[in-house]
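What you are looking at is a predicted structure, and each value in this text was computed from that prediction instead of being measured.
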Amino acid sequence: MTRAGSRYEVVFIEEPFYADVPDSFLESTCEGKVNVLVPMLPERLYGADPAPTLRHLLDGWLAPRRAGRTLLYWYYTPAALAFSDPEDADAVVYDNMDELSQFKGADPALVALEDELIAKADLVFTGGQSLYDAKRHRHPSIHLFPSSIDRDHFGRALAGPPEPADLAGLPRPRLGFFGVIDERLDLDLLSGLALARPDWTFVMIGPVVKISEADLPAAPNIRWLGARPYADLPAYLGHIDVGIMPFALNAATEFISPTKTPEFLAAGLPVVSTPIRDVVRPYGEKGLVRIAGDLAAFTAECETAARTRDPAWQEAVRRHLAVMSWDRTWRAMQALIDGLRRTEPARAEVRPGRTGAHYV
């Protein structure tokens, strides 16, 4: 969306926040070229359906800005149909990054809402090969855009950045993970790794979401650091020896395509992952990531990764990442959006609906 900001005014609608405020309003901040709107709702509305309030706020914000301008609705979740209508936009993009209906606590209505959104979208993008394979026949203009990389940002880990204070003194080798910590992680596998190798340090970076912190393994060699800013991640990766992706193999991970895979690699780290399909293909098949399906194999692969720095592997990683960038991804997306102006909309013949998450 930052890249889209070089050409459009970009407005990102966040989840609502409940606060001690008398009335609902949109709190606006600017992050680079992206305007972020956070719906601030009175605490008294907590538990009620926020959709009517969100729709009122959105319509009120758009009304004075709409005249003479092209409006593109960019959806990351079908749930946003509750407070917006694709029919209000000049074009609609559904950027399908995850199979949200299979996540813990997902609204059962998401499946039907996604059907509705796909029917009304002009373009559908998928964030991984598995999602594309599952949905390629559901829309006449669906396109694969797998996770890409900001190589320069994560490449800073290679330059020997200062060690973060909360890593100082931790024993090595250090095996690290960063990302949301939820039902997608195999906590039993992590616990088993920590027990099997008490001489290793496991550095876990990210917010705990949808699961209880009481469920997290409490081994002395596992450090739960919480969330860290994106800008600080290269410094942490620069002082970790192996990147690990101990994902559970369950419904929530069936279609994931972890962005952290190329980010670990750009930081120069060997990576060990459970057999997530979009990691196995292409990273495992190309020998860029070590794949392990159980505790014994994962431990063995981590041991090898911690002591091995293979120049041939490093060159293979460099070649693979050389053709990846978010700039390249955005240019391809932009070309498809521009193509909508020259052709009839690709929408399927279905009506009903609602909307929104991203507005460009």
Side-chain angles (χ1 to χ4, degrees), residues 1-3 5-6 31-34 145-181 197 199-207 221-246 257-273 279 282-284 286-291 301-331:
M1 290 296 103
T2 299
R3 286 155 178 81
S6 64
E31 298 185 12
K33 296 178 179 179
V34 179
F145 287 104
S147 298
S148 195
I149 179 66
D150 185 341
R151 291 192 306 276
D152 290 343
H153 179 70
F154 285 94
R156 294 172 192 163
L158 300 168
E163 184 176 48
D166 46 5
L167 294 187
L170 294 182
R172 304 187 88 139
R174 299 170 184 165
L175 293 81
F177 170 90
F178 65 96
V180 176
I181 295 166
R197 294 305 303 259
D199 54 322
W200 294 353
T201 300
F202 296 86
V203 178
M204 306 297 289
I205 299 171
N221 58 334
I222 303 178
R223 301 302 176 101
W224 300 96
L225 301 187
R228 291 294 182 269
Y230 178 79
D232 294 347
L233 291 178
Y236 282 90
L237 298 182
H239 294 276
I240 287 171
D241 302 295
V242 179
I244 58 171
M245 300 195 298
S257 180
T259 308
K260 62 183 60 59
T261 311
E263 291 171 346
F264 272 138
L265 294 173
L269 291 176
V271 185
V272 182
S273 175
V279 179
Y283 295 97
K286 289 188 172 186
L288 305 179
V289 170
R290 298 173 180 274
I291 305 297
E301 293 292 359
C302 287
E303 287 176 342
T304 302
R307 66 172 182 263
T308 304
R309 288 297 184 269
D310 179 4
W313 170 81
Q314 292 171 333
E315 175 58 20
V317 167
R318 187 198 67 76
R319 289 197 306 268
H320 183 83
L321 297 182
V323 297
M324 297 173 61
S325 75
W326 289 116
D327 290 331
R328 181 172 177 163
T329 296
W330 172 250
R331 286 194 298 268

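Under the 4.5 Å side-chain criterion, counting only non-hydrogen atoms from C-beta, R328 is in contact with V323. Side-chain contact check for F178 versus L237: some heavy-atom pair is nearer than 4.5 Å. Taking 4.5 Å as the limit, every side-chain heavy atom of W313 sits out of range of all side-chain heavy atoms of T308. For the pair V271/I244, no side-chain contact is recorded, criterion being any heavy-atom separation below 4.5 Å from C-beta on. Residues Y236 and L225 meet the side-chain proximity criterion, which asks for heavy atoms closer than 4.5 Å. The side-chain heavy atoms of R331 and D327, taken from C-beta on, include a pair separated by under 4.5 Å. Annotation: side chain of V279 is in contact with side chain of I291 (closest heavy-atom distance under 4.5 Å).
The main-chain N or O of W326 is never found under 3.5 Å from a side-chain atom of D150 such that the two would form a donor-acceptor pair. In this structure, the side chain of T201 engages the main chain of P171 through a donor-acceptor pair within 3.5 Å. Side-chain atoms of T261 come within 3.5 Å of backbone atoms of P258 as a donor-acceptor pair (strictly under, hydrogens ignored). Side chain of N221 to main chain of W200: a donor-acceptor pair is present (N/O by atom type, distance under 3.5 Å, no hydrogens or angles). The main-chain N or O of L321 is found under 3.5 Å from a side-chain atom of R151 such that the two form a donor-acceptor pair. Remark: the backbone N or O of L167 is paired with a side-chain donor or acceptor of R174 at under 3.5 angstrom. Checked by atom type and distance alone, the side chain of H320 never pairs as donor or acceptor with a backbone atom of L265 at under 3.5 Å.
For the atom pair NE2 (H153) and CG (L233), the distance works out to 5.5 Å, reported to the nearest 0.5 Å. Residue S325 holds its OG atom at 10.0 Å from CG of D152, rounded to the nearest 0.5 Å. Rounding to the nearest 0.5 Å gives a distance of 9.0 Å between CZ of R319 and CG of L288. Here F177 contributes atom CZ and S273 contributes atom OG; the two are 10.0 Å apart, rounded to the nearest 0.5 Å.
Considering every non-hydrogen atom in both M204 and I222, the closest pair reads CG-CG2, 4.0 Å. The minimum heavy-atom distance linking P234 with A157 is given by the pair O-CB, 3.3 Å. Between A305 and P270 the shortest heavy-atom distance is O-CG, 3.6 Å. Among all heavy-atom pairs drawn from S148 and T329, the shortest one is CB-OG1, 3.7 Å. A pairwise comparison of heavy atoms in P164 and H239 identifies CD-CD2, 4.0 Å as the closest pair. In terms of heavy atoms, M324 sits closest to Y283 at CE-OH, 3.7 Å.
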Q.
Quick one, W224 with I181, criterion side-chain contact (heavy atoms from CB on, under 4.5 Å). Give me CA distance, side-chain angles, the key distance, then yes/no.
A. CA-CA 10 Å; W224 300 96; I181 295 166; 3.7 Å; yes
Q: I would like to know whether L175 and D241 meet side-chain contact (heavy atoms from CB on, under 4.5 Å); could you show each step before the answer?
A: CA-CA 6 Å; L175 293 81; D241 302 295; over 6 Å; no
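The pair E263-K260 does not meet the salt-bridge criterion, since no charged nitrogen lies less than 4.0 angstrom from a carboxylate oxygen. Remark: D166 engages R228 in a salt bridge, criterion side-chain N to carboxylate O under 4.0 Å.
If you look at F154 and Y230, their ring centroids are closer than 6.0 Å.
More than 12 heavy atoms of other residues, nucleotides or ligands lie within 6.0 Å of CD in Q314, so this atom counts as buried by the packing criterion.
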